[in-house]
Colleague: 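Dumping the structure here so I can ask a few things about it.
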Protein chains: 2
Amino acid sequence: MKSDIDNTVTGRITRELADRIIAGHIAPGTKLRQDHFAEEFGASHVPVREAFRRLEAQGLVVSEPRRGVRVASFDIAEVREVAEMRASLEVLALRHAAPHLTSAILDEAEAINRAGENAPDVRAWEEANRAFHRLILTPCSMPRLLATIDDLHAASARFLFSGFRMEWEAPTDQDHRAILKALRERQFDVAAATLARHVKWIGTKPGTKTRSRTLS
Amino acid sequence: MKSDIDNTVTGRITRELADRIIAGHIAPGTKLRQDHFAEEFGASHVPVREAFRRLEAQGLVVSEPRRGVRVASFDIAEVREVAEMRASLEVLALRHAAPHLTSAILDEAEAINRAGENAPDVRAWEEANRAFHRLILTPCSMPRLLATIDDLHAASARFLFSGFRMEWEAPTDQDHRAILKALRERQFDVAAATLARHVKWIGTKPGTKTRSRTLS
DNA sequence: GGATTCAAAATTATAGATAAAAAAGGAATC
DNA sequence: GATTCCTTTTTTATCTATAATTTTGAATCC
């Protein structure tokens with residue numbers, strides 16, 4: 001099954017590096033030296049290289065042959081690109097998932113949404129946000145689509161963490177509520193349109209707005 | 001740039017294996033043994049393993065930890081899924097590319113389309129088809145989107161080659177012509193709708209239809 | 001100061017060896 | 001005869017050591 005955690009050394013290194021890059025602990029453009037991480041993780045360079053390949057596929061690092069890999073940089077154009085891709089694909093997923101959404105699932109989504117609104121920091125809010133989207137999209141039963149959306153979520157999260165360092169208040173997720181309301185009333189077109197607008201909005205707002213003090 | 005050919009051993013093995021899988025020379029479900037390919041390519045097992053990771057990311061092979069990698073199988077549901085993803089993403093790309101399409105580009109697309117209609121076999125037709133789509137979508141200037149679409153094209157091609165083995169006639173690409181016509185008249189909504197229908201049709205027709213009759 | 005040359009470092013790749021897990025095969029048992 | 005259990009073999013996953021190629025940085029020279 002896919003849910004089995006990859007317990008190989010390659011898998012652990014991949015997850016750890018992905019977390020660090022998404023959280024912004026490694027700055028974009030930083031060169032990643034295989035021997036350095038091999039030593040840090042007590043492994044050899046081979047699993048480190050394999051982890052690099054996986055991260056490359058997720059778009060978290062870029063690889064130049066014979067010049068190594070560096071953390072992928074993202075400018076505003078890339079952030080918008082990811083947001084538009086997410087909007088398209090999440091709408092597709094929702095269209096297929098909607099007929100299979102039970103009210104139990106929608107109740108759970110509402111609970112997750114409330115948890116997100118009470119989140120103490122960006123990290124917790126992002127986790128709740130991702131859980132919300134994943135929950136209402138999973139019933140589409142399209143594994144490749146869901147995997148691609150997950151990768152795009154990771155790219156979005158990088159941007160979120162990089163722009164929102166400072167004081168942060170959990171927004172009341174009005175869009176999430178509107179989506180759930182539309183889904184309960186089985187107005188799938190309304191739900192899809194709201195979702196598309198919501199995802200694109202996430203992609204554009206923080207970057208143009210907040211840029212003041214940097215607290216960790 | 002991305003256009004630099006990856007001349008490392010890993011890159012060559014990746015391309016060669018991807019070609020074979022797409023062309024159907026290796027059956028779905030086949031176990032890929034690293035030592036076998038290491039010997040065949042005169043390389044060691046390390047670059048073979050790295051190639052496996054890249055193919056895994058493209059969805060051409062699936063990997064189970066400690067059990068190796070197998071050529072990804074694809075059933076009709078997966079083919080439909082890929083077609084729907086392509087439709088969504090190509091429409092998005094076209095929306096962004098359309099304003100930048102010059103009549104020179106559209107002329108070139110028309111030439112490629114004619115070449116595709118005269119193609120002697122599926123392989124040549126598929127190449128022309130891919131070139132057509134890529135040509136009219138590239139001006140969107142969204143590299144991640146284009147890369148994702150390329151991966152989906154590869155998945156589509158696998159299906160095409162597996163279902164269309166025998167006698168085959170080049171279809172007159174009515175849809176391609178309609179798309180070009182709409183683009184020339186700057187009716188972008190019409191072009192996008194036609195493209196979406198076209199891509200979904202490619203995904204569904206050969207599997208459900210050409211099982212009984214082998215074309216006349 | 002700028003260009004050339006040389007040395008150090010990093011990536012890429014090879015080879016052989018080891019550990020661990022899965023698959024295969026065969027013997028003992030019911 | 002079929003099943004279970006154990007052994008053998010195969011394959012994956014990993015490490016260590018090392019070579020070759022390339023990049024990079026520094027020192028030198030004009």
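It should be emphasised that the depicted structure is a prediction, and the values quoted were computed from it without experimental measurement. Residue numbering restarts at 1 for every chain, and letters A, B, ... go by the order of the sequence lines.
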Colleague: Round to a whole Å and report the spacing from CZ of B:F41 to P of C:dT14.
Modeller: 12 Å
Colleague: Between C:dA13 atom C1' and B:I13 atom CD1, what is the distance in whole Å?
Modeller: 10 Å
Colleague: When the side chains of residues 50-65 of chain A are checked against the rest of the protein, which donor-acceptor pairs come out under 3.5 Å, sequence neighbours left out?
Modeller:
unit_1 : atom_1 : unit_2 : atom_2 : d
A:E50  : OE1    : B:R49  : NH2    : 3.4
A:E50  : OE1    : B:R53  : NE     : 2.6
A:E50  : OE1    : B:R53  : NH2    : 2.8
A:E50  : OE2    : B:R49  : NE     : 2.9
A:E50  : OE2    : B:R49  : NH2    : 3.4
A:R53  : NE     : B:E50  : OE1    : 2.7
A:R53  : NH1    : A:E56  : OE1    : 3.4
A:R53  : NH2    : B:E50  : OE1    : 2.8
A:R54  : NH1    : A:D6   : OD2    : 3.0

Colleague: Under 3.5 Å, is there a donor-acceptor pair linking the side chains of A:R86 and A:S156?
Modeller: yes
Colleague: Checking side-chain polar atoms at under 3.5 Å, does B:D173 have a donor or acceptor matched by the opposite partner on B:W125?
Modeller: yes
Colleague: Does the protein touch nucleotides 10-19 of chain D at the base, only the backbone, or not at all? Give it as B, S and - per nucleotide, heavy atoms under 4.0 Å.
Modeller: -SBBBBBB--
Colleague: Any side-chain donor paired with an acceptor under 3.5 Å for A:E84 and B:H96?
Modeller: yes
Colleague: Can you check ring pair (Phe, Tyr, Trp, His ring centres under 6.0 Å) on B:H133 and B:H198, steps first, answer last?
Modeller: CA-CA 11 Å; B:H133 284 253; B:H198 168 67; 5.3 Å; yes
Colleague: Going by side chain to side chain contact (heavy atoms under 4.5 Å, CB included), name the residues that satisfy it together with B:A38, two or more places apart in sequence or in a different chain.
Modeller: B:V48
Colleague: A:E108: what forms a salt bridge (Lys or Arg N to Asp or Glu O under 4.0 Å) with it, not counting sequence neighbours?
Modeller: none
Colleague: Identify the pairs formed between an N or O of the protein and an N or O of nucleotides 7-9 of chain D at a distance under 3.5 Å, and give each distance.
Modeller:
none

Colleague: Not counting sequence neighbours, which residues clear salt bridge (Lys or Arg N to Asp or Glu O under 4.0 Å) with B:D19? List them please.
Modeller: none
